[in-house]
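Read through the structure below, which is laid out as structure tokens, and then see the notes.
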Amino acid sequence: MSHLLEIEQLSVTFGGLHALKDLDFHVDEGEIVGVIGPNGAGKTTFFNMISGMVTPTAGDIRFEGESLIGLDPNQVTQRGIARTFQNVRLFANMTILENVMVSQHCRAQQNIFGALFNTKGFKEEEAEIRRRGEEILGFFGSRLVGYRLEQPASVLSYANRRRLEIARAMATRPKLILLDEPVAGMNPMESRELTGLIGRLRSEWGFTIVMIEHDMDVVRDVSDRVVVLDHGETLAQGSFEDVSTNPAVIEAYLGRPLEDRAAADRPMEEQS
Amino acid sequence: MSAVTASTGMPTAVSKGAFDVDWRQIARTGGLLALGLVFIALTGMPVGLDERTVIEPWLSLGLLSLTFLPFVLGYTVGHEKVLEGVAAKAKGARDVVAGAAVGALGGLGLSVLVVLVDNFDLRDPLVNWSPQLVEMLSFDQSVGFGFVAWIAISGALGAAGGALHVLPHQVRRAVVAAILAVLLTAIFESFLTDVIDQLEFLYASRGGLTNVWAVVVFVVAMAVSLSGGGEKLGERRAAYQAASGPAKNRQTALFIAAFSLAMIIIPLVTGKITQELMANVGIFMLLALGLNIVVGLAGILDLGYVAFFAVGGYTTAVLTSPNRGPDWPSWVPTLDGPGGWLIALAVTIVMAIFAGLVIGAPVIRMRGDYLAIVTLGFGEIIRLLFLSDWLGGYFNGAQGITNIPSADFGIFEVKGTDPRSVFYLVMVLAAISIYISWRLEHSRLGRAWMAVREDESVAEAMGINTVNVKLMAFVVGAALASFAGAVFSAKVGSIFPTSFLILVSIVILVIVIVGGMGNIVGVMVGALGLVGVLGGPKQPGLLQEFSEYKLLIYGALLIWMMLNRPEGLVPNVRRSRELHQDEFLQDAWLRGEVDRDESTTEAEASANLADGLGTNGGAS
Amino acid sequence: MKKTRPLIAVLAATALVAAACGGDDDDSTADEPPAAEEPADAEEPAADEPVADEPMEEGALGSVRVEPGDAIQIRSLESITGDTSFLGIPNQRATSLAIADYGQIKGFDVDLGTPLDDLCSADGGQAAAQTIVADEQVVGVIGTSCSGAATAAGPLIGEAGMVLFSASNTSPALTSDQQGNAGENYNVGYYRTAHNDLFQGAAMAEFVYNELGLTTAAAIHDGDPYTDGLATAFTNAFEELGGTVTGYTAVAKEDTDMVPVLTEIAAGSPEALFFPIFQPAGDFIADQAPGVPGLEDTVLLAADGLLVDGFLQLEQSEGMYFSGPDTRFGENTNQSTGVSADAVLEAYDAEYGEAPSAPFWGHAYDATSILLDAIDAASTMDGDTLVIDRQGVRDYINGVSGYSGIIGTINCDEFGDCGSQKVTVIEHLDSSDIEASKANVVFEYAP
Amino acid sequence: MTAAVRAKGAGKTNVDRFLTVLRVVMIGFIAISLVAFIAQQIAPENPFAEWRHGDEGATRLSWAQYRGLLVTGISQGAMYGLIALGYSMVYGVLGFINFAHGEVFMVSAFTGFIVSTKFDAAGWWEGAAFFPAIIITVALCVIVSTSTAVIMERVAYRRLRGSPRLIPLITSIGVSFFIQEAVRLVFGPGAKGYPSNPDWLEERLPWLGIEVKKLVVIIIAAIAMAGLWYFVERTKTGKAMRAVAEDKEIASLMGIDVDKTIVKTFAVGGAMAGVAGILWGILFRSVINTTGFLPGIKAFTAAVVGGVGNLGGAMAGGVSLGGAEALGPLMILEPWGIPGVSQLRDAVAFTVLILVLLVKPTGLFGERLSSEERA
């Protein structure tokens, strides 16, 4: 059978450094896959490549059977892959509602003339975009709705920014969502709550999810399957239990000096 | 740096003494003032503007150019920025002393200058190093008199500026308002008498407010201000801003209706000078509205915007003038007669859109600052092509296209000799432009522009085709500029490549920035204030006397705005947030507003802050 | 918010004043513009005249009434700021001097008002003209400095019944092609004392072909309508005489490195190179031309744009020829004021502390005195009031013939060309004695 | 940035296709022009010759004329290169285009004018006295231009650190206009002429036929460039500059005073522009308040052509641009019979800029920017 996302022999180099090497990977519809690995393992690069922000040096990425290589990020999103960012990147000066509305851009049809002449179709679509935006925000409880709708995203707390980022990704109506450290910086209570939400993302909204996460509790709670990356290579795959007992994985997490990781992590932050 | 007494909300009369001031700051400000005054004197402003009387017979515009700075700096040197909740310095005699000291130091600069000019001849490099300068600076008296006089005058003005702090808030405002009222009534003499002939009684026969009327205006303005006239307006504005929903819509509609009515009535009662002025303002308003979409909404710094103005102007000229270049094939019609201009306008818009695509496509993927220079290059290329002998057979090169007919609508004819008709046409087009800007800003395209402006790569990742969206901004901007071009060629009746210098792009940019990027009202205010008062690149403004110093003022204004008020006079809420992001975050943090309804830890708040700062630098 | 409050107060105050003062006679002002709403019973002729209440004999353009104690209004519209102010300022000053020398007309003073700026551009000219025509008391305008400004100002001023009298416009389009055909931008009511470009072009061509005996020439302009027009006039005339034009090209005003353009010219090996442009581009051409292989022996020629002290003082300008209006005014005396050219120059120096920076001051002086003569001739006294017939002013200027002015004998043709139409060519010999060079006329052209 | 690394294939949009066509057309046009030019130069009788002004046929240039063009292009380009160094360094460190850098150059040329005319009046601008006079003049020019650049940074740019990057760019446009206008008002409009150079500067070298002054310009530019290279690559301050350019935060953690280093960067850029200014004065002997504007923009173009942040590239870019300007109109446009090609010289310069950014956005010799600037 064909997978939703299928990655073959994916490699990328930055100035001679192998950020990813011969990576094979696949996600099936409805799965939640956790991607873990020490800092500098190439996780974010991996996401950047899927979302079209970095072009791989070799290999292929197929989504629903079609290759994504050479597509612009917006085209990838158009095909149905949305993402969040490790270092939360909201449109800080747009309102919360606008953040969610603007992300529906590629799902809207109305053109400039509709806007100019305020046609029926335009009004309906705007209303629909708005309604959908509010619906998505409502998914996160009362935090992002009500008076908050018209507030700039910059006033939100860190945790809420993370939530809004997820909402924004949901608004692009994807089939697959890539979550980059969704609970980073949250307190245990908040991250527990978000873990539940991630599960509901699949059960209620039908999204397939690939998630980079350092918080092993979260990974264990929601992942159907876990992939461990190290030095740009797949170290292990399988259920959380299998992986967590894999000696190579333990070695990778514990056996390396910290400085090394930090240095290796740098090139990947460059895509801004 | 002492004397920090707790602010109790009221000015504390007690202070540690009149001379307990920050002498270093005074020396610095005074030195700067002296340099500034000497610079102004050497630019020739005082002598050049001496002919123009402000208040007959003792205050000329030239004198004013030297005297306003001591006053302003005298005010600011005593002025401490008061942060909410942070202790402020006590007000009192020390403000006056500081102001006087600064003023006197500045005056000393002029005093020294007058002695130097009198004794040494440096006229060779410095053209304004002239006997007239000595004459002016010494008030036709001896040089020694001038020396003493400037220290005294400037010191007194500085003291007066400082003394403003001592006055109660309300009185201070009234005094400033009254001073401004007198100066504005005097400076806008030609405008006011053009609007209402009968106002001439205010002025002396050779120009300038008479002493008596100056006093009357001062008193009246002061009375109005004290009676709270200004406050009410302010309250109305605040109330409007606070309103929302249908109430706000109703008020907006009311405002628009009142504004449109004013726009229809004003040209009927004013004279030709004002009508011409407003027609020119309107053309620049059209241009600025277009650039506002590109720079203000989409965040693309286009320095070659004049290219679209030129394309618009030339297309209309070619399509309507019998005097276009001889090489045009005969199937390109000459559209004079009723309706011809409208057809030409339609073609012009198409051409501008085409130009927008052709210029936009190569530059749209470039970094913001590269894009700025490359568009500037494109602006020059377009002008050079219109100027060139190569295409001279089409555009007549340097000779330009002349005899462009007026815009004839059959029932209504818009011609340059009748500025009122031009004004009406411009206003109709401006209304269309405003409508387009407003509709687009609140559509999905507008949201996409904002997203691109905020963070292009995230916008891209959110499924926005940034290239198309930016290109669209370029094209819409180009189309709006072509409106202005079409009116311009019909208005002036002839069109030359010299009307499309880089300078025009810069002036339009200054309008957008001074008015407030991304804000339609701001752009209108900017056009009115800059082109209306100072004048456009080749258009005189109300202050015709300033035309020699116009560009200097434009440059200075641009720097000042960027340093102190990058969001413009009438800011776009969002844009100003963006430009002051760090401050906003700090304020929010200080006030603990980061997140009241949630258990916000300190670490979170600071992460918040750091994050905000991070995105600030990262956007490009 | 705080900062804007005073402003609002001012606006409010101004509005109050405006309302208070404008209220009582609002109606009368509102009707003044000859718009459309006026009831059909108005029988007055062409509503443009505000005080045409007395049915007196007047021309088709109406008349101006100057009440006792008022002054006759004329205006100056020259380029007085920016790069071209060197051209406009002497014109404006000479106009003031002429008015002072002329004295009163029938007991009335002449007032020049605030000098206006044409900004050397069409839009600037139009805006300034709009200011002028807003005052219906204005009879005539001395200006503009630049032909482009006249193109836009002409129709406005002509339509208002005034005259526009320029001292330095030279574009043929503004008057005629000298063959009896009106130029594209000719407007009734437009006159000038400056020569027509076609004259100067022909003069230079004649000089090069007949006097110097050269048969090949090239021309360079700088994208200014004036220089382009003159260079074209030269090449056309030169070819008509039988010469060969080996190159016609242009530089940009800001260019400094002229080697490429000169190499382009050198490829045709012309014997003469005519570049009627301005400083600073002209400096660079004069400086670099002798160093370009192929142009070592080429004769360099320029026109009045470079016939300025700053250029003549440069060593590299030695040996060049310059065409321009005949500035050997010498003993020429303006017949209306009785002041000689030298006396005007003296007065100019006394008043402004320097010599005129461009050669058209004499043209401005004569233009002003002719206009004042015309006003004198076309005005009648109605009681104490002076009535100036606008059409009469034009008729008078149209009929000017054999007028002796500072620039020589002035005759106006039917298209407003009133110049003495005498162009001279000088040879510049010594950059340290430019006065001698200016007087060293080697060719005169006066058809 | 995404455009630079895109692989061919699926994601092509209409804009991409248009750009591809544009690249092909532009390069093709240049290639055909060059072929036509060469053909026209070699043989007057060939199909290409008819492209030219109809009956006149092809005109051929002599070797001396080529040499003249080349020398003038290189000397002009050397000055662009010197100015471009300032752009490049500031861009490297602060990541914004200092639009007003051209005015620093103009201010220097103006100082040169004032000082040299004073020396001339005292009889020092010829004979043996010329050497001390010119040295003093150069020193003064460099001092004035350096101070201008430093004051500019202090007054206009320092407060803008960390604001969105278009803000300082817009400010610098204001600074540029302000300085231009201030100079015009204070020193008067119109071109100011330098005194005549001593005769030996105007002469040509016997064996090369190059004017001495152009050779001097090229040599001094080369020396200044070498000095700068040494300064940036070898001295402590230079290393600090590179560190700040790479990452301000880390540099300050390393104990580098970032503010001071930025001031030094402006100063060094200003000094280079100062040298260019006085060379300009000697070469063209004329200065006007707008002297700095176009050369400034062209110098930026040169910096981009060579690769921003790359000092050697700035110089190479300057010379390439100077050469393109001198030869381009004649070799690219003239073969098609376009009249008045020199009028289009600036258009050619800007087209070079556009072409470079379209074909090789990192410049001919590659950029050296910090990571944050590369976005």
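Throughout, protein chains are lettered first and strands after them, A, B, ... in sequence-line order, and every chain is numbered starting at 1.
With respect to Arg159(D) and Glu153(D), no salt bridge is recorded, no charged nitrogen being found less than 4.0 Å from a carboxylate O. Note on Arg383(B) versus Asp346(D): no salt bridge recorded, every NZ/NE/NH1/NH2 to OD/OE distance being 4.0 Å or above. The pair Lys550(B)-Glu181(D) fails the salt-bridge criterion, with no side-chain N (NZ, NE, NH1 or NH2) lying under 4.0 Å from an Asp/Glu carboxylate O.
Both the backbone and the side chain of Phe187(D) come within contact range of chain B, with heavy atoms under 4.5 Å apart. With a 4.5 Å cut-off on non-hydrogen atoms, Phe378(B) touches chain D through its side chain but not through its backbone. No part of Ile382(B) comes within reach of chain D, as not one of its non-hydrogen atoms sits under 4.5 angstrom from that chain. For Ala372(B), the part lying under 4.5 angstrom from a heavy atom of chain D is the side chain only. For Leu509(B), the part lying under 4.5 angstrom from a heavy atom of chain D is the side chain only. With a 4.5 Å cut-off on non-hydrogen atoms, Ile506(B) touches chain D through its side chain but not through its backbone. Both the backbone and the side chain of Val186(D) come within less than 4.5 Å of a heavy atom of chain B. If you measure heavy-atom distances from Val155(D) to chain B, the contacts under 4.5 Å come from the backbone alone. The part of Val467(B) that comes within reach of chain D is its side chain, from C-beta onward, which places non-hydrogen atoms under 4.5 angstrom from that chain.
Between chain B and the residues Ser172(D), Ala156(D), Pro189(D), the most heavy-atom pairs under 4.5 angstrom are made by Ala156(D). Most heavy-atom pairs under 4.5 Å with chain B: of the set Thr351(D), Leu22(D), Ile173(D), this distinction falls to Ile173(D). Taking chain D as the reference chain and counting heavy-atom pairs below 4.5 Å, the highest number among Leu387(B), Ile553(B), Asn465(B), Leu391(B) is found for Leu387(B). Chain D forms more heavy-atom pairs under 4.5 Å with one residue of Pro125(B), Gly48(B), Ala556(B), Gly392(B) than with any other, namely Pro125(B). Note: Ile170(D) leads Leu353(D), Leu160(D), Ile170(D) in heavy-atom pairs under 4.5 Å with chain B. In terms of heavy-atom pairs under 4.5 angstrom with chain D, the leader among Ile502(B), Ile381(B), Asp369(B), Leu471(B) is Asp369(B).
Within 6.0 Å of CZ on Phe354(B) lie no more than 12 heavy atoms contributed by other residues, nucleotides or ligands.
Heavy-atom neighbours of chain D within the stretch residues 37-46 of chain B, taken at a separation under 4.5 angstrom, comprise Phe39(B), Leu42(B), Thr43(B). Chain B is approached within less than 4.5 Å, heavy atom to heavy atom, by Ile114(D), Lys118(D) from residues 108-118 of chain D, ordered by number.
The closest donor-acceptor contact from the side chain of His101(D) to the backbone of Gly296(D) lies at 3.5 Å or more, if one exists at all. A donor-acceptor pair under 3.5 Å links the side-chain atoms of Tyr305(B) to the main chain of Leu291(B), judged by distance alone. Judged by distance alone, the side chain of Ser88(D) and the main-chain N or O of Gly309(D) form a donor-acceptor pair under 3.5 Å. Put simply, the side chain of Arg453(B) gets close to the backbone of Gly296(B): a donor and an acceptor are under 3.5 Å apart. Listed for the Trp336(D) side chain is a donor-acceptor partner under 3.5 Å among the backbone atoms of Ile332(D). The main-chain N or O of Val93(D) is found under 3.5 Å from a side-chain atom of Lys248(D) such that the two form a donor-acceptor pair. Checking side-chain atoms of Thr301(D) against main-chain N and O of Ile297(D) turns up a donor-acceptor pair under 3.5 Å. Using a distance-only test at 3.5 Å, with no hydrogens or angles considered, a donor-acceptor pair links the side chain of Thr375(B) to the main chain of Leu303(B).
In this structure, CE in Met472(B) is found 11.5 Å from CD1 in Ile364(B), a value given to the nearest 0.5 Å.
Under the 4.5 Å side-chain criterion, counting only non-hydrogen atoms from C-beta, Ile373(B) is in contact with Phe99(D).
The cationic atom of Arg367(B) (NZ for Lys, CZ for Arg) lies less than 6.0 Å from the six-membered ring centre of Tyr370(B) and within 45° of the ring axis.
Trp560(B) has its ring centre no less than 6.0 Å from the ring centre of Phe178(D). Ring centroid separation for the pair Phe96(D) and Tyr157(D) comes in under the 6.0 Å cut-off.
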